[in-house]
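Data first, discussion second: the structure below is written as structure tokens.
Order of the sequence lines fixes the chain letters, A, B, ..., with proteins taken first and strands second; residue numbering starts at 1 for each chain.
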Number of protein chains: 2
Amino acid sequence: MPRPPSAMRRQILDAALRLFAEHGFKGTSLHDIAVEAHCSKASLLYHFAGKDAILTELLTPPAESLTAMSEELTALRGEQAVEPAVTGYVGLAMRFHLEVKIIFAELPDMLGHPVLAVIPRAVDQLADALAGRSREPRARITAQMVIGGVAVTVAADVDADPGTMRTEMVQGALRTLGRPTG
Amino acid sequence: MPRPPSAMRRQILDAALRLFAEHGFKGTSLHDIAVEAHCSKASLLYHFAGKDAILTELLTPPAESLTAMSEELTALRGEQAVEPAVTGYVGLAMRFHLEVKIIFAELPDMLGHPVLAVIPRAVDQLADALAGRSREPRARITAQMVIGGVAVTVAADVDADPGTMRTEMVQGALRTLGRPTG
DNA sequence: ACCGTAGCTGGCCGATCGGTCAGTTCTGAC
DNA sequence: GTCAGAACTGACCGATCGGCCAGCTACGGT
């Protein structure tokens, strides 16, 4: 339930995004966010129902995008799904790379978080598409490697321009899946 | 400095390893460990200097193994280093998969932890070997993908027998690096 | 001039955490 | 039996955390 936007609200979200990505959710206190956002701790709780609500609002967009993408992929059959899955996933991971970092920084808790409850199913569908609808262990394992490899690479602070990163991750992923680019 | 072993000591370490892997370091309290290990919280602190000491003792073996492996890799030149790096890293990740899970569950903090201070350098050397000593962005990015992909795959609870996982991860990693197996 | 309300704050609360300590129980050496 | 020390524990402490509340300030409508 986002309230009408305000300058301070955006400021808080920006500060929280930076701090969560750097120190994790549990590793960031409301005090830390307040200092970074140049306001009081009580002001945070005026704009947001609680610490968790801040996280929820930050992670809702990537969660919804992931769900939407994985739903679209279900329309594609067999190996036709592989390339769209790779490019779509890489794009998503790059667009929300800070959010990915937050999720990966505290995976166990995040997967238990309501707003991310959709992730296991979405990731399953994504893995299914990456595996070209194959149920063989080999395909499932390589799909998992691609999902993890892209996420970690995006979360790590690699000094390379976004264009190169995107291209190389897409090609690398396709190689991993055994579908080298001509 | 590990004291002489005792039954309770091992019991505590086992309990802590399970709980840290499942809920993360910060997500596990001394109380939780005490319950799991069937002893009092005070007893934990009799056997260990503190919560951190438990973590240190759990992560020292994998840290030392990683350091040793990356040191050995420095002796290999150019592309000769790639395959040993892959098989070595996959083996290490599988052997210490619970510890990998702990580290990845709270990456930011863990990298700041003294016992894991060796990791950035070791990972750098590993990436260097995986990249076949190349400094091109493409090679560095794919190396990063392999490191992340293997770690995440190993940390995730994939239902596949260890032999298959090892084989497929090694082959998948080699494909990612553009070195398909015959 | 008055008022309602949105925005914001300092101060406080209960819960939980890691850690300490005095004291008890167990056990093997003599 | 006695005693020393290892093993273990319940009770407690200070710090930190997320969250709550009474109240202050600024401002637009009437």
(request) Could you check how far CE of B/Met8 sits from P of C/dT25, rounded to whole Å? (result) 18 Å
(message) OP1 or OP2 of D/dC8 versus the side-chain N and O atoms of B/Ser40: is any pair under 4.0 Å?
(response) no
(message) On the nucleotide D/dC8, are OP1 or OP2 found under 4.0 Å from the side-chain N or O atoms that B/His47 carries?
(response) yes
(message) Under 4.0 Å between a side-chain nitrogen and a carboxylate oxygen: does that hold for B/Arg179 and B/Glu79?
(response) yes
(message) Output the rounded distance in Å from CG (B/Asp32) to P (C/dG18).
(response) 8 Å
(message) Whole angstroms only, please: what is the CD-C1' distance between B/Gln11 and D/dA7?
(response) 13 Å
(request) Mind calculating the distance between CD1 (B/Ile54) and C1' (C/dG18) to the nearest angstrom? (result) 11 Å
(request) Can you tell me the distance, in whole Å, between the CG atom of A/Leu30 and the P atom of D/dC20? (result) 11 Å
(message) Output the rounded distance in Å from CG (A/Leu45) to P (D/dG23).
(response) 20 Å
(message) Between B/His31 and C/dC17, is there a contact of a side-chain N or O with OP1 or OP2 at under 4.0 Å?
(response) no
(message) With a 4.0 Å limit, can you tell me whether A/Ser43 has a side-chain N or O closer than that to the phosphate oxygens OP1/OP2 of C/dG7?
(response) no
(request) Would you mind checking if B/Asp14 and B/Arg18 are paired as a salt bridge, meaning a charged N to carboxylate O distance below 4.0 Å? (result) no
(message) Please check if the number of heavy atoms outside A/Glu83 that lie under 6.0 Å from its CD is greater than 12.
(response) no
(message) Using side-chain heavy atoms (C-beta onward) and a distance below 4.5 Å, is A/Phe96 in contact with A/Val154?
(response) no
(message) Rounded to whole Å, how long is the line connecting atom OH of A/Tyr46 with atom C1' of D/dA22?
(response) 15 Å
(message) When you measure from the centre of the six-membered ring of B/Tyr46, is the NZ or CZ of B/Arg9 closer than 6.0 Å and no more than 45° off the axis?
(response) no
(message) Regarding C/dG10, can its base be found pairing with the side chain of A/Lys41 as donor and acceptor, where the two atoms are less than 3.5 Å apart?
(response) no
(request) Specify the separation, in whole Å, of atom CG of A/Asp109 and atom C1' of D/dG18. (result) 16 Å
(request) Quick one: label A/Ser29 by what it contacts on the DNA or RNA (base, sugar-phosphate, nothing), any heavy atom closer than 4.0 Å. (result) sugar-phosphate
